[in-house]
Amino acid sequence: MSRLIPQSLERAIVRFVAGAFLLLAALTSAQAVEPIPVPLDVEALELTKAIEMHIEAGTRLQVSTAPGADGIVRRIEVSSRSGQNSNWAVFALANTSDEQIDRLLVAPFFQLVGSRLFWPDLGSSRIAFLTPSQGISPVREKNLEADVFRITLDPGSVVTFVAELTSPELPQLRLWEPDVYKETLNSYTLYRGIILGISGLLALFLTILFVVKGTVMFPATAALAWSVLAYLCIDFGFWSRVFDLVQGQDQLYRASAEVMLAASLIIFLYAYLNLNRWNIHYSHLALTTLVLLLGLLGVAVWDPSVAAGIARLSLGVIGVLGFATILVLAFKGYDRAIMLIPTWFLLITWLVGAAMTVTGYLANDIVQPALGGGLVLIVLLIGFTVMQHAFAGGAIAQGLISDVERRALAMTGSGDLIWDWDVDRDRIYTGHDVEDLLALKHGTLDGPARNWLEVLHPQDRDRFRATLDAVIDQRRGKIAQNFRLRAEDGHFRWFRLRARPIVGSDGEVIRCVGTLLDITEERTAEERLLHDAVHDNLTGLPNRELFMDRLRAAISRTKADNSGKPTVLVINLDRFKQVNDSIGISAGDSILLTVARRLSRLIGPQDALSRLNGDQFGLVLLSESEPDRIVALADSLRKGVRAPITFGDREIFLTCSVGISLFEGESQSQEDMVTNAEIALNHAKRLGGDRQEVFRPILRPLGKNVVELESELRDAIKSNSLGVYFQPIIRLEDQSIAGFEVLARWTHPKRGRISPAEFIPVAEQSGLINELGTYMLEKGAQQLARWQSDFPFPHPLFVSINLSSRQLLKHDLINEVKAVLSRTAVTPGTLKLELTESMVMANPEYSARVLERLKDLGAGLSLDDFGTGHSSLAYLQRFPFDTIKIDQSFVKPDSRAIRPVLLRSIVAMGHDLGMSVVAEGAESEGDALELLQLGCEYAQGYHFGQAMDSDEATKYLRSGIKNLEATG
């Protein structure tokens with residue numbers, strides 16, 4: 001058969017087809033989506049702006065996948081599961097790590113942010129199906145608030161996802177780390193529960209008040225409260241859970257709730273302001289608006305979006321017109337309108353915030369629940385306003401009570417119990433409240449004073465009897481005594497008695513009358529604070545201070561009766577830092593708690609186990625005295641630690657090293673024994689760990705430098721040869737000297753200058769830090785007093801002195817500071833004590849009480865290294881700091897654009913809390929100028945001068961005065 005197509009024409013067709021395929025491949029590559037990397041350490045990844053939307057793209061969608069690791073772009077086709085003209089969203093994710101990643105893809109049903117004012121998006125199910133280009137298929141997880149898919153990305157994979165949408169809008173799409181998303185939902189669930197509880201109780205309370213007091217204001221207020229509750233139930237998803245609605249299909253209820261919210265606001269305004277008494281036009285306008293709004297409920301059945309848009313606009317108009325009406329009536333002297341002004345101003349603020357939210361100008365995760373909480377707050381204030389007006393009047397409001405009645409009311413309001421002793425009849429009356437607290441039979445405590453001795457604690461009986469006898473004999477004074485009373489179950493409760501004697505016409509005491517207050521919780525809290533001061537917060541074991549005290553007592557007892565020689569064991573976990581870094585701090589805390597319990601079970605009742613620091617424990621061993629038995633116990637302790645620890649679905653294996661120090665004689669102190677045990681422990685660590693070592697003199701050279709350094713530092717403090725240096729702190733406004741930071745510098749007679757980074761840890765470890773802190777406090781205060789006397793600046797000079805955690809926990813710190821202030825007589829507030837965030841957060845309750853006492857003494861308080869700790873900002877308001885010091889890491893220039901923002905925020909927050917702000921690390925004129933522009937008052941750094949001794953600092957002050965006089 002002859003060829004139908006010439007050979008030349010055939011070759012041209014082949015070239016044309018090949019070119020067409022190349023052009024199609026180029027177009028396909030150009031249209032491929034860009035993959036979004038999924039980091040391992042990011043908790044949530046925003047995908048909303050990175051998706052490619054295809055609106056009404058038909059029943060099939062062909063897309064080009066993102067280039068994979070091999071750079072190849074593929075073409076996939078996805079069919080609509082519904083068989084209808086569908087909307088699609090396309091995005092690609094890339095796992096650039098070498099680990100498999102599990103993430104949750106979350107598309108919320110409803111977002112108030114950006115939902116629009118007109119024709120708002122009232123929410124719906126967003127994603128019907130999710131198709132990947134490769135790998136494991138996503139799994140839909142049940143959720144009442146969002147479409148949630150669990151996505152698994154293999155290591156190094158690039159996966160393109162095609163989502164078939166149920167609506168043409170996708171307001172938000174995020175990729176969450178599963179545990180973080182669960183924690184976020186739990187936190188919001190708790191908040192929502194609290195808000196719904198408050199709103200429900202408020203609505204119920206106002207309804208009950210309407211039943212009790214039939215004023216028209218109460219049903220109107222109750223209607224508003226119920227409308228708010230209904231709106232919050234729908235907004236928080238509670239409505240869907242109760243009535244088992246289809247996920248995301250609550251548009252009708254949401255629109256109806258917004259309509260009822262606007263309608264109930266009209267009803268409240270009309271009823272509370274009693275508009276029918278002012279002008280008939282008010283009534284006509286209010287009733288017309290109410291009818292139109294209720295008509296929107298029918299519109300909501302037809303189109304919920306239209307009804308919700310009109311309701312939102314109406315709510316804003318009602319707020320503005322209502323505020324204008326309130327102001328008009330307030331100028332006429334109408335009390336109700338005047339009382340409503342603050343609450344309505346808050347409502348206007350809420351409406352502005354809501355408008356900014358729905359239009360997208362205010363967009364973050366907390367704005368929607370915050371608006372719900374604000375709405376409850378507004379209704380709560382409205383309820384208070386209504387009750388204040390409705391219940392105004394009566395005898396109490398009109399002041400028609402006598403002084404005796406006023407005292408009786410004050411006694412009732414205080415909650416104190418009455419204590420009345422009729423001396424002539426020897427009868428004590430307390431009422432039944434005390435007996436109810438103690439679960440005693442009524443009348444048990446009503447009788448002669450001697451009957452109280454039976455229920456008093458044995459240690460309080462003599463003191464109670466002596467106090468009563470003294471008041472009767474002296475015929476004056478007062479009773480102020482704390483004692484314990486036994487309850488029916490045998491437990492004791494603390495009470496505080498405050499009473500005064502009443503003398504008759506014959507000069508004899510006829511009665512003692514006062515109050516009795518249950519202070520059990522207060523005493524329990526004080527005992528807890530005292531316990532926390534000497535115990536570890538995590539394990540409950542004694543801390544290093546109590547450990548050293550018990551060891552000191554054991555040594556003293558041994559020296560007195562030559563029995564029960566103590567042995568010190570220092571136990572340290574091997575490789576605990578690596579375990580802590582790999583599984584997290586919370587898991588590390590659980591491991592430490594488990595180890596503490598295991599060790600406690602292996603020792604005798606007379607032995608004392610303590611947590612010295614971190615992963616290091618100390619044991620004062622008294623139950624064993626023979627060396628071989630001590631070594632055997634140490635070996636059993638190591639075996640106890642070596643047993644696997646189960647955490648979650650994994651088993652963790654740890655080992656420990658033990659250093660042992662035996663009692664060598666009467667010349668040995670507790671510090672020597674602990675030092676020897678630590679030297680032995682370090683030797684065990686050097687030999688590979690998981691072993692015990694007994695201290696031997698031959699091991700001493702290994703720790704000789706530290707021991708000698710400690711001894712020489714102690715001598716330097718005692719001989720006043722430790723250098724006290726002062727680094728200037730400058731007032732940025734006029735470049736004048738505001739004060740100095742007191743720093744310790746040590747020039748060793750043989751080794752020369754020793755860095756504080758070397759001798760401060762030695763002082764901390766040995767307990768010498770208390771003496772060093774007292775030394776610096778005394779020297780700094782003395783020098784400050786001399787400067788304030790010689791240089792009368794308009795603003796008194798101040799000095800800042802650092803405190804250590806041990807000083808803060810020291811029981812006589814307050815007395816030391818009080819003594820220093822009284823001896824030096826410096827200006828109050830100019831002797832500033834600097835503490836770090838981590839220091840005060842180690843025991844926040846105890847720290848707060850100590851800082852309050854120091855503040856009352858006239859000492860200034862400065863929070864050092866602000867921004868580097870891990871404390872909650874809520875605690876910052878509890879501590880009475882007057883100055884915060886910004887850490888130099890925030891001041892040093894770098895390429896981050898957020899650094900000035902952080903600085904400005906810290907400075908503004910300090911000023912809002914009434915604190916002065918000092919910045920560390922000002923190294924140049926540019927740093928100083930920038931800090932001044934950001935509003936920082938003070939700065940210190942090498943640009944203004946390094947640390948100098950007192951003579952150089954005095955010269956520096958004189959030169960600063962001359963410069964000011966020259967410029968002035």
Side-chain angles (χ1 to χ4, degrees), residues 717 720 722-731 733-734 736-745 769-804 807-808 810 812-836 839-840 850-864 879-885 914-918 920 937-940 944-945 947-961 964:
I717 295 174
N720 290 331
L722 189 68
V724 180
Y725 279 62
F726 303 84
Q727 186 176 22
I729 300 175
I730 302 302
R731 185 176 291 102
E733 181 181 8
D734 55 3
S736 62
I737 303 171
F740 295 86
E741 181 178 3
V742 182
L743 302 172
R745 296 291 184 266
I769 192 66
N770 288 332
E771 299 179 25
L772 177 60
T774 303
Y775 175 88
M776 299 300 295
L777 185 66
E778 187 76 35
K779 295 295 183 181
Q782 291 175 358
Q783 186 61 55
L784 175 62
R786 286 194 291 268
W787 281 337
Q788 288 182 351
S789 176
D790 296 339
F791 303 101
F793 284 95
H795 303 284
L797 284 171
F798 64 84
V799 296
S800 298
I801 302 173
N802 292 282
L803 287 184
S804 68
Q807 283 180 278
L808 183 62
K810 190 178 179 183
D812 55 349
L813 171 64
I814 296 174
N815 293 331
E816 288 182 359
V817 174
K818 183 178 181 180
V820 169
L821 290 174
S822 62
R823 285 195 298 267
T824 56
V826 298
T827 304
T830 58
L831 182 65
K832 295 182 179 291
L833 306 179
E834 289 191 3
L835 305 95
T836 62
M839 188 187 306
V840 296
V850 173
L851 294 180
E852 287 287 352
R853 293 286 302 278
L854 293 174
K855 187 75 172 180
D856 294 339
L857 291 176
L861 298 176
S862 177
L863 183 61
D864 196 13
F879 300 122
F881 291 107
D882 49 40
T883 305
I884 58 175
K885 295 190 74 172
M915 301 181 186
S916 301
V917 182
V918 181
E920 294 179 306
E937 294 100 328
Y938 307 101
Q940 66 181 96
F944 300 109
M948 57 191 76
D949 60 25
S950 58
D951 294 335
E952 293 173 339
T954 303
K955 295 178 182 178
Y956 189 86
L957 279 172
R958 289 196 178 98
S959 64
I961 293 176
L964 284 178

Name the atoms and distances for all side-chain donor-acceptor pairs under 3.5 Å in residues 789-796, with sequence neighbours left out.
none

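Residue-environment remark: NZ (Lys818) stays at or below the threshold of 12 foreign heavy atoms within 6.0 Å.
Put simply, the side chain of Tyr775 gets close to the backbone of Leu722: a donor and an acceptor are under 3.5 Å apart. Within the 3.5 Å criterion, the main-chain N or O of Thr827 finds a donor-acceptor partner in the side chain of Gln788. Judged by distance alone, with hydrogens and angles left aside, the side-chain atoms of Glu852 form no donor-acceptor pair with the main-chain N or O of Pro880 at under 3.5 Å.
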Could you go step by step and tell me if Gln782 and Lys779 meet the side-chain contact (heavy atoms from CB on, under 4.5 Å) rule?
CA-CA 5 Å; Gln782 291 175 358; Lys779 295 295 183 181; 4.3 Å; yes

Go through the steps to decide whether Val918 and Gln940 satisfy the test side-chain contact (heavy atoms from CB on, under 4.5 Å), and finish with yes or no.
CA-CA 8 Å; Val918 181; Gln940 66 181 96; 4.0 Å; yes

From CA spacing to verdict: side-chain contact (heavy atoms from CB on, under 4.5 Å), Val799, Gln783
CA-CA 9 Å; Val799 296; Gln783 186 61 55; over 6 Å; no

Does the side-chain contact (heavy atoms from CB on, under 4.5 Å) test come out yes or no for Leu854 and Leu813, once each step is laid out?
CA-CA 9 Å; Leu854 293 174; Leu813 171 64; 4.3 Å; yes

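Listed by chain and number, the residues in a side chain to side chain contact (heavy atoms under 4.5 Å, CB included) with Arg745 are Tyr725, Leu743, Arg753, Pro756, Ala947 (sequence neighbours excluded). Residues satisfying the side chain to side chain donor-acceptor pair (under 3.5 Å) criterion with Glu937, sequence neighbours excluded, are His911. The side chain to side chain donor-acceptor pair (under 3.5 Å) test applied to Ser800 returns Glu834, not counting sequence neighbours. Every side chain to side chain contact (heavy atoms under 4.5 Å, CB included) that Ala785 has, sequence neighbours left out, goes to Thr824, Val826. For Thr774, the side chain to side chain contact (heavy atoms under 4.5 Å, CB included) criterion is met by Lys810, Glu816, not counting sequence neighbours.
With rounding to the nearest 0.5 angstrom, the CZ atom of Phe740 is 13.0 Å from the CD1 atom of Ile801. Note that CD1 of Ile729 is 8.5 Å distant from CD of Glu920, once rounded to the nearest 0.5 Å. Rounded to the nearest 0.5 Å, atoms OG (Ser862) and CD (Glu741) are 8.5 Å apart. We find the OH-CZ distance between Tyr938 and Phe944 to be 13.5 Å, quoted to the nearest 0.5 Å. Expressed to the nearest 0.5 Å, how far CD1 of Ile717 lies from CG of Leu772 amounts to 4.5 Å. Atom CD of Glu952 sits about 10.0 Å away from atom OG1 of Thr954, to the nearest 0.5 Å.
Here the closest heavy-atom approach between residue Tyr956 and residue Pro728 is recorded as CE2-CB, 3.8 Å. Minimum interatomic distance between Val742 and Val724 (heavy atoms only, all atoms of both residues): CG1-CG1, 3.6 Å. Taking every heavy atom of both residues into account, Ala744 and Met776 meet most closely at N-CE, 3.5 Å. Looking at every heavy atom in both residues, Ala953 comes nearest to Trp787 through CB-CZ2, 3.5 Å. For the residue pair Lys855 and Asp882, the shortest heavy atom distance occurs at NZ-OD2, 2.7 Å. When all heavy atoms of Leu857 and Leu821 are compared, the pair lying nearest together is O-CD1, 3.6 Å.
No option in Leu777, Asp864, Asn802, Leu851 other than Leu777 meets the side chain to side chain contact (heavy atoms under 4.5 Å, CB included) test with Leu833.
For the pair Val817/Arg853, no side-chain contact is recorded, criterion being any heavy-atom separation below 4.5 Å from C-beta on.
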